[in-house]
Asker: 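This is the structure I have questions about; it appears just below.
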Amino acid sequence: MSRPEIRVSGLHKSFGDNHVLRGVDLEIGRGEVVCVIGPSGSGKSTLLRCVNLLEEPTRGRVFVGGVELTDPDVDIDAVRRRIGMVFQQFNLFPHLTVAENLTLPQRRVLKRGKAEAAKVAAENLERVGLAEKADAYPSSLSGGQQQRVAIARALAMDPEVMLFDEPTSALDPELVGDVLAVMRMLADEGMTMMVVTHEMGFAREVADRVVFMDGGVIVEDGSPEQVIGAPRHERTRHFLSRLLDPAAAEVGEKTSDRVGTSG
Amino acid sequence: MADTEKPPLRPEGLQPRKKGLTRRQKQRLSRGVQYAVFVAAVAAFAVAADWGRLRNQFAQADIAERMFPDVITLALKNTVLYTVTGFTVGLVLGMVIALMRLSSVGPYRWLAGIYIEIFRGLPALLIFIFIGVAVPLAFPGTEIVGGTYGQVALALGLVAAAYMAETIRAGIQAVPRGQMEAARSLGFSPARAMVSVIIPQAFRIILPPLTNELVLLFKDSSLVLFLGVTLEERELSKFGRDLASQTANSTPILVAGLCYLLITIPLGLVVRRMEAKAQEAVK
């Protein structure tokens with residue numbers, strides 16, 4: 001790994017008294033696919049949102065492509081153009097058609113011309129297999145289609161890094177596969193990706209590294225075979241066993257979930 | 001208790017059988033009385049009213065005829081003009097105040113809050129008098145652009161802005177937070193995200209209440225009456241009143257009233273249609 005594409009060091013984040021991130025250090029190399037797993041409330045989504053500064057870290061530094069985002073003088077809008085983000089709830093613009101969802105940011109933010117923006121939009125809709133939905137409105141699409149449009153919208157900005165915040169968690173089970181296929185394609189194309197997910201199959205097959213978080217810190221960080229296949233830590237084992245067999249939990253059993261947080 | 005065959009739910013001693021009418025009988029009686037009162041009231045009115053006099057006062061065809069085409073080409077046109085200019089001023093000002101209300105700069109928020117409280121709390125008539133009388137007296141030499149039209153647009157706009165600001169603010173806040181996050185993550189600046197993403201969605205949400213505000217302004221434009229307008233600047237109410245006193249007859253009032261309804265009823269239908277549609281979209 002030469003210069004890391006994403007570097008997070010000594011990251012802390014509190015919401016009031018709730019100390020969600022308690023000192024996170026993480027480096028992601030160019031073209032690397034890193035899946036972040038962990039129980040809800042472990043701080044994994046907060047970590048992801050800190051990487052493009054949707055959440056302002058309380059302490060610590062974040063670098064993307066060599067630029068420090070946590071520098072108060074940085075042009076955050078310029079840096080964010082290089083970071084694509086995909087949300088759990090898709091967050092497509094409902095008042096615009098699919099094609100307009102892709103062209104508006106290009107035109108307003110990147111100042112691309114009409115023809116160029118339309119061309120880039122068409123290419124990216126083609127990539128996610130939704131070229132025929134260009135004139136549809138988001139509300140007429142299934143969740144899986146909406147999420148693929150959201151990925152295409154992020155890709156149309158030519159990002160160097162893609163962040164995925166539980167991209168399949170809001171989907172019906174039968175729609176998950178289409179979205180994961182698009183993400184797998186991106187990974188194969190060499191995109192740098194940081195993915196917060198509960199899809200262990202995806203993490204095992206596609207990720208270069210898996211990071212297990214719990215209680216606001218990184219507990220385990222290694223290859224998928226190691227972290228998922230042969231976890232070293234008791235907490236990781238416990239989490240994975242619970243994920244594989246949710247019915248095994250017992251009433252009143254102490255879990256690592258902390259009340260009052262999400263993601 | 002329709003079925004008297006059933007044994008009582010509780011022992012006889014605790015729930016004695018009611019004497020007199022059953023519930024169904026009472027219901028029937030109550031409804032019968034209501035209809036009877038209604039029929040009696042209509043009949044009494046029909047008998048007591050002096051129909052000849054009423055027709056003479058309110059429905060004289062020749063007076064009504066004399067009002068046309070001026071009531072449409074002049075009065076209704078002016079009413080619409082006052083309303084639309086007032087609405088436009090109110091919308092622009094309301095948008096500014098709504099954004100101030102949402103600003104992170106404290107003094108802007110306070111100023112917007114004070115404005116809204118004042119102009120929602122005062123009668124529109126007082127604002128009209130203020131603009132028409134107090135301002136020219138207090139600042140001699142100042143002239144509001146557009147003469148009466150400008151004064152009306154300003155007075156109506158000042159009142160409307162206070163209401164619209166609150167509506168617009170609510171609309172902006174009703175747009176899900178994820179929309180702003182998505183826009184920011186794509187590299188939009190906060191201002192650009194507001195203009196390109198949030199406000200267009202907010203307007204979709206507040207279209208029905210804004211249209212309602214338009215109907216209210218349409219009626220409030222009658223307050224021009226108190227500004228002292230020239231013959232060419234008269235709107236429906238003033239026009240109707242002038243003719244009513246000229247002819248010593250109330251027909252012009254009725255005609256002017258019908259002209260208002262000509263606009264407000266279709267607008268009201270449009271609002272209800274939009275609200276129903278919005279309801280469906282939520283489902």
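If you're wondering where the values come from, they're calculated on a predicted model, not measured in any experiment. Any value given below was found using the heavy atoms of this structure, including those in side chains, with hydrogens, waters and symmetry copies removed. Residue numbers begin at 1 in each chain, while the letters A, B, ... track the order of the sequences.
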Asker: Checking A:Phe93 against chain B: side chain, backbone, both or neither under 4.5 Å from a heavy atom?
Answerer: both
Asker: Quick test of your reading of the model: are A:Asp158 and A:Arg112 salt-bridged, counting only N-O distances below 4.0 Å?
Answerer: yes
Asker: Below 4.5 Å, heavy-atom pairs only: which of A:Met157, A:Met85, A:Arg108 has the largest tally toward chain B?
Answerer: A:Arg108
Asker: Check this for me, if you would: do A:Arg82 and A:Glu5 make a salt bridge, where the nitrogen-to-carboxylate-oxygen distance has to be below 4.0 angstrom?
Answerer: no
Asker: Do the side chains of B:Arg169 and B:Glu166 get close enough for a salt bridge, i.e. N-O under 4.0 angstrom?
Answerer: yes
Asker: Tell me which of these, A:Ala150, A:Ala154, A:Gly84, A:Pro105, has more heavy-atom pairs under 4.5 Å with chain B than the rest.
Answerer: A:Pro105
Asker: So, A:Glu123 and A:Arg127, do they make that salt bridge, N to O below 4.0 Å?
Answerer: no
Asker: Non-hydrogen atoms of chain A under 4.5 Å away: do they reach the side chain of B:Arg204, the backbone, both or neither?
Answerer: side chain
Asker: Among B:Ile206, B:Leu207, B:Ile205, which one satisfies side-chain contact (heavy atoms from CB on, under 4.5 Å) with B:Pro209?
Answerer: B:Ile206
Asker: Does a salt bridge link B:Glu235 with B:Lys77, judged by any charged N lying under 4.0 Å from a carboxylate O?
Answerer: no
Asker: With chain A as the partner, which of B:Pro176, B:Pro200, B:Ala183, B:Ser185 has the greatest number of non-hydrogen pairs under 4.5 Å?
Answerer: B:Ser185
Asker: Checking heavy atoms, do the side chain of A:Leu163, its backbone, both or neither come under 4.5 Å from chain B?
Answerer: neither
Asker: With a 4.5 angstrom heavy-atom cut-off, is it the side chain or the backbone of A:Leu54 that approaches chain B, or both, or neither?
Answerer: side chain
